[in-house]
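In what follows, a single structure is set out as structure tokens and then discussed.
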Amino acid sequence: MARMASPLFRKLPARYAGLIMPLVLSVLMTFVVSAIATLRSLGPSPAFVAMWPTAWALSWVVAFPTLLLVLPLVRRIVGLVVEPPGR
């Protein structure tokens, strides 16, 4: 049975997938990496809690545009090392 979309939330058109995928990836990756780096630097302390959001925001501001720029190159590299489907 097909699930009906909620009237409060509509999915974006498929043409936005190329933007949403690096957006979500950059948010999740910078969230984890900045937490690890900040925790390693400051230890589990109030300073960590105070600094981590700033560290995450700065890393995301760099990571998102970087992902947008390098994603075509990454796709080409993957295409060189991965067999296409159906072969």
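We count residues from 1, following the sequence as given.
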The criterion is ring-ring contact (aromatic ring centres under 6.0 Å, His included); which residues satisfy it with Y16, sequence neighbours excluded? none

Nearest 0.5 Å please: distance from the CG atom of L67 over to the CE atom of M21. 7.0 Å

Shared hydrophobic cluster, L71 / L80 (ILVMFWY, side-chain heavy atoms < 4.5 Å): no

Once rounded to the nearest 0.5 Å, what's the spacing between atom CZ of F48 and atom CG of L39? 5.0 Å

Which pairs pass side-chain hydrogen bond (donor to acceptor under 3.5 Å, both in side chains) with one or both residues in residues 38-48, sequence neighbours excluded? none

Residues two or more places apart in sequence or in another chain: which of them pass side-chain hydrogen bond (donor to acceptor under 3.5 Å, both in side chains) with S34? W52

Apply side chain to side chain contact (heavy atoms under 4.5 Å, CB included) to the pair V32 and L28, showing each step before the final yes or no. CA-CA 6 Å; V32 172; L28 295 175; 5.9 Å; no

Does F64 share a hydrophobic cluster with V62, counting links as ILVMFWY side-chain heavy atoms below 4.5 Å and allowing steps through other members? no

Hydrophobic cluster (4.5 angstrom, side-chain heavy atoms) - remaining members for L73: I77

Given the rule that I, L, V, M, F, W and Y join up when any side-chain heavy atoms are under 4.5 Å apart, are V27 and I20 in one cluster? yes

Sequence neighbours excluded, which residues qualify as side-chain contact (heavy atoms from CB on, under 4.5 Å) partners of A37? none

If two hydrophobic side chains count as joined below 4.5 Å and joins carry through other members, does V74 share a cluster with V81? yes

Following the transitive rule for hydrophobic clusters with a side-chain heavy-atom cut-off under 4.5 Å over Ile, Leu, Val, Met, Phe, Trp and Tyr, establish whether V61 and V24 coincide in one cluster. yes

Give me the atom names and distance for the closest heavy-atom approach of L68 to P22. CD2-CG, 3.7 Å

Could you note down all residue pairs passing side-chain hydrogen bond (donor to acceptor under 3.5 Å, both in side chains) where residues 58-82 supplies at least one of them, sequence neighbours left out? S26-W60

Would you say that F31 contacts I36 through its side chain, given a criterion of any heavy-atom pair below 4.5 Å between the two side chains? no

Side chain to side chain, W56 and V33, heavy atoms closer than 4.5 Å: no

